[in-house]
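Below is one structure, written out as C-alpha cells, with a few remarks after it.
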Amino acid sequence: MTQLNLAESKHCFGGQQNRYTHTSASTNCTMTFSAYLPPQAQSAPVPALYWLSGLTCTDENFSTKAGAQRVAAELGVALIIPDTSPRGDGVADDPDGGYDLGLAASFYVDATQEPWKPHYQMYSYITDELPRIVEAELPVTDQRSIFGHSMGGHGALMIALRNPARYAAVSAFSPIVNPAGVPWGHKALGAYLGDDEAAWANYDTVTLVGRAEAADHLPMLVDQGSADQFLEDHLKTDRLATACREAGYDAEIRMQPGYDHSYYFIASFVEEHIRFHADAMDLNAA
C-alpha cells in the first residue's frame, strides 16, 4: 500500500486542512496534495470533491485563497486538491522558461512525447492513482465529484466527460474549453502529445461534449467572468455553449459581469459550486 506522509496539518472549521506527500507510480516522482477533512470525517468516511488548479498554481492556492472549507465543513464533504504537475529533479520543464508548459502546466494529460513522457502522466494520476490512494488511506468514500479553474477547469471538464460513471457532477471556473483550438493548448498539447491532432481531441472539452452519449450527461456548471483577460484568446466559453447546445447537453454556463480570472472570482462563487456538487451527491447540511 502506498504510504502517505503527513507534511502539515491545520485545524479549520472543526476539521483538518492537511498536506500530504507520497511516491507516485504514475508520475515517477514525489507528489504533493492537500486535503480538507471536515469534522464529519472523524466519525465516518465522507464523499470527496476534487479540485484541479490552473497554470502556475500548486496544491496550496485553492486551500489558502478560495475560502471553501467553511461550506465543506457544513456539508460534510472532503476537498482533495492535487498539485498541478509532477516536480523534482529530472522532471522536464519548459526550456524557454514559459509558465504555460512544464512545471505547474501539465494540462492533466498523459504525455506521449519526450522529455515529458516519463513524468507527465497526470491524467492517470488524477483519474486512477490519486483516488485509489485517497480512498484507501483517508476517511473518504468512493463517491466523487470534480471541479477546477482555468487549466484545472479544462482538466475537470475533460476528465468528467471521459469518465462520467466516476463523478456525480462537474463544474469549472474560467475553463480552457477548447485547448485544441487556442494558443495555450497548441503549445502544451503539441509538446506533450506530438503533432497528431486526433490525440489532442481526446483532451478537448468541446470535442468530448459532442461525443458524449445522452445517458452519460452529468450535471455541469460553468462560471466565466466577463472581465477575464484571457477570455478572448484562450478560454473561448462561447464554443462550449455552442457545443452543449448542439449536443443537447444541459449545462448551466453563466457569464458573471465584471469578474476577472483571479481567486477573488473563485471565492465569490465557490460556495454555490460546492452546494451544486453536494446536491448531485445527495448530501444534506448537518
Side-chain angles (χ1 to χ4, degrees), residues 1-54 57-66 68-73 75-91 103-104 106 108-111 118-149 151-152 155-156 159-160 163 166-168 274 277 281 283:
M1 181 179 292
T2 301
Q3 293 297 309
L4 289 182
N5 301 303
L6 180 62
E8 184 178 76
S9 183
K10 303 290 186 182
H11 202 59
C12 183
F13 290 101
Q16 296 299 127
Q17 180 64 53
N18 295 340
R19 201 172 191 220
Y20 299 95
T21 62
H22 70 97
T23 300
S24 168
S26 299
T27 64
N28 295 301
C29 66
T30 297
M31 293 297 292
T32 301
F33 70 92
S34 293
Y36 177 67
L37 301 176
Q40 295 87 339
Q42 297 169 21
S43 57
V46 297
L49 177 54
Y50 286 76
W51 169 268
L52 303 185
S53 292
C57 292
T58 70
D59 60 292
E60 293 189 289
N61 292 75
F62 182 78
S63 61
T64 59
K65 294 181 178 180
Q69 292 91 343
R70 176 186 59 80
V71 67
L75 296 171
V77 61
L79 302 172
I80 308 299
I81 312 159
D83 200 351
T84 50
S85 78
R87 299 180 193 268
D89 294 341
V91 176
L103 300 183
S106 72
Y108 302 100
V109 306
D110 279 350
H119 300 287
Y120 284 79
Q121 302 296 313
M122 287 293 290
Y123 176 83
S124 292
Y125 177 71
I126 298 297
T127 60
D128 181 29
E129 185 179 17
L130 182 61
R132 283 192 290 105
I133 292 169
V134 165
E135 290 160 20
E137 302 203 21
L138 298 181
V140 303
T141 70
D142 63 0
Q143 189 177 21
R144 313 177 198 112
S145 211
I146 191 166
F147 65 155
H149 171 236
M151 178 188 72
I159 285 170
N163 303 276
R166 296 190 184 186
Y167 301 98
I274 295 174
H277 288 278
M281 292 190 284
L283 302 183

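We're numbering straight along the sequence, starting at 1. Atoms considered below: every heavy atom in the structure, side chains included; atoms not considered: hydrogens, waters and symmetry mates.
Here OG of Ser34 is found 3.5 Å from CG of Asp59. Values are rounded to the nearest 0.5 Å. For the atom pair CD1 of Ile146 and CG of Leu52, the computed distance is 4.5 Å after rounding to the nearest 0.5 Å. Arg166 contributes atom CZ, which lies 6.0 Å from atom CG of Asp128 (distance to the nearest 0.5 angstrom). Taken to the nearest 0.5 Å, the CG atom of Asp142 stands 14.0 Å off from the CZ atom of Arg132. To the nearest 0.5 Å, atom CD of residue Gln69 and atom SG of residue Cys12 are 4.0 Å apart.
Residue Ile126 comes nearest to Tyr167 through the heavy atom pair O-OH, 4.3 Å, listed as atom of the first residue, atom of the second, then distance. Scanning all heavy atoms of the two residues, the minimum distance from Leu130 to Pro82 falls at CD2-CB, 3.7 Å. Considering every non-hydrogen atom in both Glu129 and Ser24, the closest pair reads OE1-OG, 2.7 Å. Summarising the geometry of Tyr20 relative to Leu6, their closest heavy-atom pair is CE2-CD1, 3.6 Å, with the distance given to 0.1 Å. Pairing each heavy atom of Thr84 with each of Tyr108, the nearest pair is CG2-OH, 3.5 Å. The minimum heavy-atom distance between Ala48 and Tyr50, with the atom names listed, is CB-CE1, 3.8 Å.
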Working for side chain to side chain donor-acceptor pair (under 3.5 Å), residues Thr32 and Asp83: CA-CA 6 Å; Thr32 301; Asp83 200 351; 5.3 Å; no
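Taking the six-membered ring for Trp and thresholds of 30 and 60 degrees, Tyr125 and His22 have nearly parallel ring planes, at less than 30 degrees apart. Ring-plane geometry between Phe147 and Phe62 is classed as perpendicular, the angle between the planes exceeding 60 degrees on a 0 to 90 degree scale with a lower cut at 30.
When side chains are defined from C-beta on, Val46 does not count as touching Val77, because their heavy atoms never get closer than 4.5 Å. Within the 4.5 Å cutoff, the side chain of Asn61 has no heavy atoms near those of the His149 side chain.
When each of Arg19, Lys10, Lys65 is tested with Glu60 by the rule salt bridge (Lys or Arg N to Asp or Glu O under 4.0 Å), just one qualifies, namely Arg19.
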